[in-house]
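To start, the structure under review is shown below, and the notes come after it.
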Amino acid sequence: MARSKTMIVWLLFFSSQIVSGFVAADDVTRQNNIVGPPIAQGQFHNLREPSGITALDEQTLIVIEDEASRALQRLAVTSRTNSDSDLAGFTFEEFDQPNAKGFIQRRLLAPLDDLEGIARVSSSQFFIIGSHENASRGKHPNREKFALLTRDGNDIVSAAMRRDFFDQLIVHYPVLADIVDGSKKGKPRALNIEALAFDRKRQTLLIGLRTPLLDNKSIVVSLGNAIAYAQGAEPEFANALHIINLEKQGIRAMAYDDQSDKLVIVGKRESGSKKRSTLWIMAAALDSAPQRQTHDDKDLFRDVEGLTPLGGGLLFVRDSGNKPKKDNNHWFILKRSQLGLDR
């Protein structure tokens, strides 16, 4: 009889999470290895507020910035990145990246403002997304864009864009709609998208939220037909939101690593005494506990808002708030082995 009661309680608990519109991953675990100092680090010459980065190939990286006038930038890698010695000598050049090549495409995209997420689909395509903060709806429409951009050489030659992502999201997830309804700008209940990662193994786009949290846990939205959605199809969201325990932190940056089939996440609390940024690694399928990476330098991931696998390492970029002298290290590289991604 006791066993039957236990089974009933377990089933009721699991069912309640599905009905509520979310599925929680396992609890958090800490990684035993300690992340050492970066193998390389340095400053940007012109970039000031990078809010995301993705490597399209070994020689080309696209960076997004908060300001509409500098929404897209391109980094051309001028060194090899496969070995530790290559990464230690990492060099690149910075270029403006026009939003589109032709007049029609530029008119379609119009200004791209407050871009917060970017993710590579292939060497010629990538997704971008604005913050979509619901408390500012209607006041800043250029922040409510989701787009798939296609490149040919260094030119963006086509764009597929949607402006209804927020509406589609809250219709599909009533639990999320209830949380953000009536929220105020910059407050914990406001919807604020901060990161994208494209799981190329499962062809699934993962959207990370800075806010809100759900039961003090981070929210990741899974979109199974992101390319088709950008091109006009109805979205195929996962049945439930993914809820991840990052110890009360919202998501600030996220990237998919093909070699390990892992998701690498930077999280940070919105308030309180434990506001420092931390690094997490978990299975891209989102079916196991995230592992918090331990590091001696408490400021190692401070202000990081973008990261991307690059050869034998991961490149991290910081948003220094348009203050070029504030931080001598706008970017840094960690080896895959430092994060256990070489296993």
Side-chain angles (χ1 to χ4, degrees), residues 28-44 50 52-55 57-59 61 63 75 77-92 118-120 195 197 199-201 206 208 218 244-247 249 251-268 274 276-286 288-320 327-343:
V28 61
T29 59
R30 287 181 180 271
Q31 191 72 300
N32 291 326
N33 66 294
I34 297 177
V35 177
I39 190 172
Q41 56 192 9
Q43 286 186 304
F44 292 120
I53 187 170
T54 194
D57 53 46
E58 293 183 358
Q59 302 299 320
L61 300 105
V63 183
L75 301 183
V77 179
T78 54
S79 62
R80 294 170 56 85
T81 58
N82 291 324
S83 69
D84 289 355
S85 58
D86 292 338
L87 289 171
F90 176 71
T91 57
F92 57 87
I118 182 170
R120 171 175 69 91
D199 178 345
R200 285 170 287 278
K201 180 178 179 179
L206 304 173
S218 298
I244 302 169
N245 184 6
L246 302 184
E247 298 180 349
Q249 296 180 352
I251 295 172
R252 294 299 184 93
M254 189 165 64
Y256 174 71
D257 178 53
D258 297 83
Q259 292 186 42
S260 63
D261 191 30
K262 297 288 182 65
L263 195 63
V264 185
I265 302 170
V266 174
K268 184 180 179 181
K274 299 180 180 180
R276 75 180 190 184
S277 299
T278 55
L279 188 71
W280 306 78
I281 296 177
M282 68 182 302
L286 304 178
S288 61
Q291 296 179 326
R292 179 171 176 168
Q293 306 299 294
T294 305
H295 44 93
D296 290 333
D297 181 359
K298 66 179 181 179
D299 289 328
L300 180 59
F301 299 103
R302 174 173 55 84
D303 297 331
V304 167
E305 293 203 2
L307 64 115
T308 184
L310 183 67
L314 269 74
L315 172 64
F316 297 80
V317 295
R318 291 190 173 105
D319 182 347
S320 296
D327 189 343
N328 289 327
N329 303 315
H330 298 153
W331 60 267
F332 63 93
I333 295 176
L334 296 174
K335 297 179 293 184
R336 298 179 61 83
S337 58
Q338 289 178 266
L339 303 173
L341 295 174
D342 59 339
R343 299 168 189 165

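Closest of all the heavy-atom pairs between Ala283 and Ser288 is CB-OG, 3.5 Å. Among all heavy-atom pairs drawn from Leu310 and Ala55, the shortest one is CD1-CB, 4.2 Å. Residues Met282 and Ala289 come closest through the heavy atom pair CB-O, 4.2 Å. Closest non-hydrogen pair, Asp297 versus His295, comes out as O-ND1, 2.8 Å. Of all heavy-atom pairs between Ile53 and Leu61, the closest is CD1-CD2, 3.9 Å. The heavy-atom pair separating Asp199 from Ala284 by the smallest distance is OD2-CB, 3.8 Å.
Although no hydrogens or angles enter the test, the distance criterion places a donor-acceptor pair under 3.5 Å between the side chain of Gln338 and the main chain of Pro37. At distances below 3.5 Å, not a single donor-acceptor pair connects side-chain atoms of Thr308 with backbone N or O atoms of Leu315. A donor-acceptor contact shorter than 3.5 Å links the side chain of Thr54 to the backbone of Arg120. The closest donor-acceptor contact from the side chain of Ser79 to the backbone of Asp86 lies at 3.5 Å or more, if one exists at all. Between the side chain of Arg336 and the backbone N or O of Asp342 there is no donor-acceptor pair closer than 3.5 Å.
With rounding to the nearest 0.5 Å, the separation of OG in Ser83 from NZ in Lys335 is 11.0 Å. Rounding to the nearest 0.5 Å places CZ of Phe301 at 9.0 Å from CG of Leu307. Note that CG of Asp84 is 4.5 Å distant from CD1 of Ile39, once rounded to the nearest 0.5 Å.
You'll find the side chain of Val317 reaches within 4.5 Å of the side chain of Phe44, heavy atoms only. Between Tyr256 and Lys201, some side-chain heavy-atom pair lies under the 4.5 Å cut-off. In this structure, the side chains of Ile244 and Trp280 stay at 4.5 Å or more apart for every pair of heavy atoms. Asn82 has its side chain within reach of Glu58: a pair of non-hydrogen atoms, C-beta onward, lies under 4.5 Å apart. The side-chain heavy atoms of Thr278 and Arg292, taken from C-beta on, include a pair separated by under 4.5 Å. Residues Val304 and Ser277 have side chains not in contact (no heavy-atom distance under 4.5 Å, counting atoms from C-beta outward). Within the 4.5 Å cutoff, no side-chain heavy atoms of Asp258 are placed close to those of Pro309. By the 4.5 Å heavy-atom criterion applied to side chains, Ile333 and Thr81 are not counted as neighbours.
Using a cut-off of 4.0 Å between Lys/Arg side-chain N and Asp/Glu carboxylate O, Asp319 and Arg252 are scored as not salt-bridged. Contact check on Arg318 versus Asp303 returns no salt bridge, with no Lys/Arg side-chain nitrogen under 4.0 Å from an Asp/Glu carboxylate oxygen.
Relative ring orientation between Phe316 and Phe332 is described as parallel, the plane-to-plane angle staying below 30° on a 0-90° scale split at 30° and 60°. Taking the six-membered ring where the residue is Trp, Phe92 and Trp331 present perpendicular rings, their angle passing 60° and hence far from 30°.
Under a cut-off of 6.0 angstrom, the local environment of CZ in Arg80 is sparse, with at most 12 non-hydrogen atoms contributed by other residues, nucleotides or ligands.
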Criterion side-chain contact (heavy atoms from CB on, under 4.5 Å) on Leu300 and Gln293, from CA distance to verdict: CA-CA 11 Å; Leu300 180 59; Gln293 306 299 294; over 6 Å; no
Intermediate values then yes/no, side-chain contact (heavy atoms from CB on, under 4.5 Å), Ile281 and Asp257: CA-CA 10 Å; Ile281 296 177; Asp257 178 53; over 6 Å; no
